[in-house]
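To start, the structure under review is shown below, and the notes come after it.
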Amino acid sequence: MSKLDTLLKIKNLGIVAVVRGNSAEEALEYAEGCIDGGIDIIEITFTIPNAIEVLKTLQSSLQGATIGAGTVLDAVTARLAIMAGAQFIVSPAFDEDVAKLCNRYQVPYMPGCLSVNEILKALEYGVDVIKVFPGSAVGPDYIKAVHGPLPHVNLMPTGGVSLENIDEWFRRGVFAVGVGSNLVSGSKEDIAGKAEAYLEAIREVRK
């Protein structure tokens with residue numbers, strides 16, 4: 001899948017499932033629950049033990065799903081993730097070396113930024129989507145405020161997005177949202193049910 005294809009898929013689906021877990025097995029079950037519910041864009045965080053093996057397993061077993069790596073803090077980790085098949089890279093903060101590496105391999109990089117200065121710096125390094133993190137620190141109105149002077153910026157809030165407020169985020173103009181524990185918790189069946197609810201909420205607000 002090309003960089004453009006990955007970005008378009010994220011925009012069209014509107015949501016990235018942020019998967020954490022205490023073990024590789026738990027993370028795999030969480031990811032499968034998300035996919036069963038229709039969310040087939042999965043961010044595997046590097047806080048998961050043996051995250052590389054989780055990435056490889058998902059790439060080989062879940063055909064058609066888009067699997068990326070999250071909590072990527074440096075270029076070495078980013079390259080390992082890309083070599084393991086990661087189709088996008090997500091960080092809690094912007095890193096110049098990670099941005100250069102992702103540009104070199106034409107893999108979307110979505111770094112966490114909160115201030116306009118951070119956003120502008122990331123844009124200068126070719127970042128296509130800004131992860132507004134933590135979204136809970138600013139709320140949906142922040143999206144509209146940033147789009148005042150920077151209407152062209154693709155913003156993806158992560159942290160603080162829930163079923164109760166997802167419509168507010170989309171009405172303010174987000175590119176997509178990232179959702180972690182509000183989605184990815186409970187049994188596989190629980191997660192699948194919540195995934196379906198999130199997708200329905202996105203369809204409703206986009207009508």
Quiz prompt | Working for side-chain contact (heavy atoms from CB on, under 4.5 Å), residues Leu123 and His152 | solution = CA-CA 11 Å; Leu123 293 177; His152 57 286; 4.1 Å; yes
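- Checked against side-chain contact (heavy atoms from CB on, under 4.5 Å), Glu29 has the following partners two or more places apart in sequence or in another chain: Lys188.
- Residue pairs meeting the salt bridge (Lys or Arg N to Asp or Glu O under 4.0 Å) criterion with at least one partner in residues 35-52, sequence neighbours excluded, are Lys9-Asp40.
- Residues in residues 166-179 take part in these side chain to side chain donor-acceptor pair (under 3.5 Å) pairs, two or more places apart or across chains: Asp141-Arg172, Asn165-Trp169, Asp167-Arg171.
- The ring-ring contact (aromatic ring centres under 6.0 Å, His included) contacts involving residues 110-147 comprise Phe94-Tyr125, where partners must be two or more places apart or lie in separate chains.
- A side chain to side chain donor-acceptor pair (under 3.5 Å) check over residues 98-107, counting only residues at least two apart or in different chains, returns the pairs Arg79-Tyr105.
- Taking every heavy atom of both residues into account, Ile89 and Ile82 meet most closely at CD1-CG1, 4.1 Å.
- Tyr198 pairs by the side chain to side chain donor-acceptor pair (under 3.5 Å) definition with nothing, not counting sequence neighbours.
- Residues forming a side-chain contact (heavy atoms from CB on, under 4.5 Å) with Ser61 (at least two apart in sequence, or on another chain): Thr57.
- Through direct or indirect side-chain contacts shorter than 4.5 Å among Ile, Leu, Val, Met, Phe, Trp and Tyr, Leu4 is connected to Leu8.
- Taking every heavy atom of both residues into account, Val90 and Lys131 meet most closely at CG1-CD, 3.5 Å.
- Here the closest heavy-atom approach between residue Met1 and residue Asp5 is recorded as CG-CB, 3.3 Å.
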Quiz item: Can Ile15 and Leu199 be said to form a side-chain contact (heavy atoms from CB on, under 4.5 Å), step by step?
Solution: CA-CA 8 Å; Ile15 185 169; Leu199 291 174; 3.9 Å; yes
Practice problem: Before giving the answer on side-chain contact (heavy atoms from CB on, under 4.5 Å), spell out for Val16 and Phe88 the whole-Å C-alpha distance, their side-chain angles and the decisive distance to 0.1 Å. | Solution: CA-CA 11 Å; Val16 175; Phe88 59 90; 4.1 Å; yes
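- Looking at every heavy atom in both residues, Val107 comes nearest to Ala86 through CG1-O, 4.3 Å.
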Quiz prompt | Test log, rule side-chain contact (heavy atoms from CB on, under 4.5 Å), inputs Asp95 and Leu73 | solution = CA-CA 8 Å; Asp95 183 89; Leu73 304 180; over 6 Å; no
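- Heavy-atom neighbours of Asn22 CG from other residues, nucleotides or ligands within 6.0 Å: at or below the threshold of 12.
- The two residues Tyr30 and Arg20 have their closest heavy-atom pair at CD1-O, 3.1 Å.
- Residues forming a side-chain contact (heavy atoms from CB on, under 4.5 Å) with Ala176 (at least two apart in sequence, or on another chain): Ile10, Met156.
- Residue Leu80 comes nearest to Ile52 through the heavy atom pair O-CD1, 3.7 Å, listed as atom of the first residue, atom of the second, then distance.
- With sequence neighbours excluded, no residue forms a side chain to side chain donor-acceptor pair (under 3.5 Å) with Glu124.
- With sequence neighbours left out, the side chain to side chain donor-acceptor pair (under 3.5 Å) criterion links Ser60 to no other residue.
- For Asp128, the side chain to side chain donor-acceptor pair (under 3.5 Å) partners are Lys3, not counting sequence neighbours.
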